[in-house]
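Contents: one structure, followed by commentary.
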Amino acid sequence: MNDVYAVSAAPHIKQGTSVSSTMWQVVLALTPALLAGIFFFGIQSLLLTLYAIAAAITTEALIQKFRKVPITVSDGSAVVTGILIAFNINSSSPWWLPVTGAIFAIALGKQIFGGLGFNIFNPALLGRAFMMASWPTLMTAGWKFTAPMNNLFQSSINGLRNLPSNVPDVVTSATPLGVIKALRDTTQISSDMANTVMDNLTNMNTLQDFFWGNIGGVIGEVSAAALLIGAAYLAWKHIIEWRIPVSYIGTVFVLIYMFGGINGMFSASIMLPIFHILAGGLILGAFFMATDMVTSPVTKKGRLIFGMGCGIFTVVIRLIGGYPEGVSYSILLMNITVPLIDRYTIPKPFGQRKTAN
Amino acid sequence: MGFKTFPGGIHPRDYKAFSKDKNIEKMPVPKKIVISLSQHIGAPAKPVVKVGDEVLAGQKIAEAGGFVSIPMHSSISGKVTKLDKFRHPTGTLVQGIEITSDGEDKWIELIDDSNYMELTAKDMKDRIAAAGVCGMGGAGFPTHVKLSPPEGKTIDTIILNGVECEPYLTADYRIMLEQANDILAGLKILMKIVDAKNGVIGIEANKPDAIKFFKNLLKNEKNIKVVSLHLKYPQGAEKQLIYATTKRKVPNKGGLPMDVNVVVQNVGTAIAVYEAVRYKKPLVDRVITVSGRIVKNPKNIKARIGTFYSDLLEYCNGTTEEIGKIISGGPMMGFAIPSLETPMTKGSSGLLLFDKKEAYKEKEDVCLRCGHCVDICPMNLVPSLIAHHVRNDDWDSAEKFGVMDCIKCGSCAYVCPSNIKLIQWIDIGKIKVSENRTK
């Protein structure tokens, strides 16, 4: 008994993933969407993203230094938060907008709870809510849209002006979902004009533009295709799992199809739910934010419930609430319910006896 | 191909190429062996020899310490030189008997009872018990006990476990290719003892030649079939194997295979059973895989029980690099042991040598709540939650969330990106919960 070798508990081989490999893969998965943002809105998108990342990393490092805990900025989680913050603003925003958003997200969304793994809310979404509450105009106005999209909006808005009740604020916050919302709010009575506007917004050509990103909007939400490439990569790497995105988007689809039409229940065409999925932040939210590991349920059933809850809140906000969007608030609201969902969805062990023993 | 399987599980790299094409080699009798008195689950065996006694290979040197126990036999001929505590493959120190070889390998007299199938079930079982046969897949449950269901429980199916889902290990694979007839004979004995109508041999899909081989062999057998199983870890875990082959679920909270009318035995055990019943040969040798990237000549070795791991490694010409870790068993559920001066037991299926890099110790990160452990747990538990409660000394909650149902397959710790030592925490929980139960 001379030699003594390392001993440890089994297993002795590992898959080889780590917290940082997971986070950097998320960064990689967000890259196509960032490239799309640069392609459609120019280099300003990249600069704003870099500002946000720098602010996130610096905030995290400073707070960890102050807390006298190991500095873990190299794990990539602050980078993810920074990118997601930038993805929620438009490319003409001033530099301090993503910077304050990122500082808020890291300080009050993450570190105050004890850092990665302990936060209740998705930090990036909390940062977005903060920016939205503080600078609503900056967050919604001044969106750059492509020429065909601008024409479409103009005609839509003109169409709305002709309707009985006028909606001036539509002009200042002309987002695709905003127009749809105004359309719903202003037309208690059905009119040919309203139907035409609706058809214009949800026809195949427009939806294709939405899918590829040929529209305009905030930096990261512009191209559904680019986001889906990243999401597919994460799914392939088993970093996100199908349950949350599918139940989230599925719920939105069904509810919008049922209640989204302007002429009563089931009056919507099948194109409208697709429009709702592609037009706002749903793809980004469902694949990259609702799936945030720390702030979503660990159980399989729990993830389905979580996704459905996000879907219900999103539709309620979009159809009844005051915002045309609603993805970020839905996810934040559902974040609160995660401990409860986990608690009531613990799976039954394999071979569970029917009667208590 | 319609392979059968169970819910959950992982796909680790299998590392079997090192040794899977190596024929079983009989290792020469070593100079010295140590027969551990605790090679099985149950009471330790009691020595019936003293220092200085001359013994033959196959001679009983310790008797069973109770019903749930087995006798031990010397695996070589020579002299008893020490009764002391020796290293055990689980890493602990336990009582053992050291025998120094006389170099002659003299055996007790064996019989050849060609009418062995005419024996009564009781006689067969007695011979198995006398030969000291226990499960050779790792846990080491005494075989005669498994074959004695209590009044009222019937067994309709014997399942032979030829899955060998642990990476690196190829011993069972080799015996299936090289000793298929013995395995089949053992299976028939097992079926006769418990009066089971059906026999099943479960083999993982990564051993197509073994599957084909048995299918040919079983052409004329109505009641015995081969089931090819999906390539997934832990396909060879007892409950998962039973589910995959019969769709029966062994009840949790301490349920046994016999609760669903099944007995599972490892293919190696079937050979031991056959040799015990036909030849009255005690279990004194077995096939063990010696493997690892740094092993010069990885091998499947038929070695005497009690052979030191150091001798096994020497027989494989040692290592090419400095050893970082020694693993007794497979890499998923085996034990890291501190020294090669450890004698192999009836349950030793593998000896793995890792280099310094492979022996890395990673630091535990915080739980990201990613849920991967939940996704793959073959017992449908929430490993992260159990570990959390154990960490906080909350044994009641650990028990409530199924710490005792965990089969310790290690899949959760394998996938955890935060390197949380889930099995270690769960093990602590299991110990604490059973302590509290006996209080």
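Excluded from the calculations below are hydrogen atoms, water molecules and symmetry mates; all remaining heavy atoms, backbone and side chain alike, are included. Each chain gets a letter, A, B and so on, in the order its sequence line appears, and its residues count up from 1.
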- Query: Are B/Asp405 and A/Lys348 close enough for a salt bridge, meaning some N to O gap below 4.0 Å?
  - Reply: no
- Message: Can you tell me which portion of B/Lys356 sits under 4.5 Å from chain A's heavy atoms? Options are side chain, backbone, both or neither.
- Response: neither
- Proximity breakdown for A/Ser296 and chain B, heavy-atom pairs closer than 4.5 Å: backbone
- Message: Is it true that B/Lys421 and A/Ser8 share a donor-acceptor pair across their side chains at a distance under 3.5 Å?
- Response: no
- Message: Does any backbone or side-chain atom of B/Cys416 lie under 4.5 Å from a heavy atom of chain A? Answer side chain, backbone, both or neither.
- Response: backbone
- Engaged part of A/Asp292 at the chain B interface, taking heavy atoms whose separation is under 4.5 Å: neither
- Message: If we define contacts as heavy-atom pairs under 4.5 Å, which of A/Ser77, A/Ser18, A/Ala9 has the most with chain B?
- Response: A/Ser18
- Item | Portion of B/Leu422 that has a non-hydrogen atom of chain A nearer than 4.5 angstrom | neither
- Message: Taking side chain as everything from C-beta outward and backbone as N, CA, C, O, which of these in B/Asp375 sits under 4.5 Å from a heavy atom of chain A? Side chain, backbone, both or neither.
- Response: both
- Query: Below 4.5 Å, heavy atoms only, C-beta onward: do B/His372 and A/Glu241 meet side chain to side chain?
  - Reply: no
- Item | Between A/Gly16, A/Ser21, A/Pro347, the one whose heavy-atom pairs under 4.5 Å with chain B are most numerous | A/Pro347
- Message: What part of B/Cys367 gets within 4.5 angstrom of chain A, counting heavy atoms only: side chain, backbone, both, or neither?
- Response: backbone
- If you count heavy-atom pairs under 4.5 Å with chain B, which of A/Val338, A/Thr291, A/Leu116 comes out on top? A/Leu116
- Which atoms of B/Pro378 approach chain A - backbone, side chain, both or neither, heavy atom under 4.5 Å: backbone
- Reported NE2-to-CD1 distance for the pair A/His238 and B/Ile376, which is rounded to 0.5 angstrom: 11.5 Å
- Heavy-atom proximity to chain A below 4.5 Å, by part of B/Met333: backbone
- Message: With a 4.5 angstrom heavy-atom cut-off, is it the side chain or the backbone of B/Ile337 that approaches chain A, or both, or neither?
- Response: backbone
- Verify the ring-centre separation between A/Phe350 and B/Phe6: is it less than 6.0 angstrom? no
- Query: Considering only heavy atoms, which portion of B/Val374 lies under 4.5 Å from any heavy atom of chain A: side chain, backbone, both, or neither?
  - Reply: both
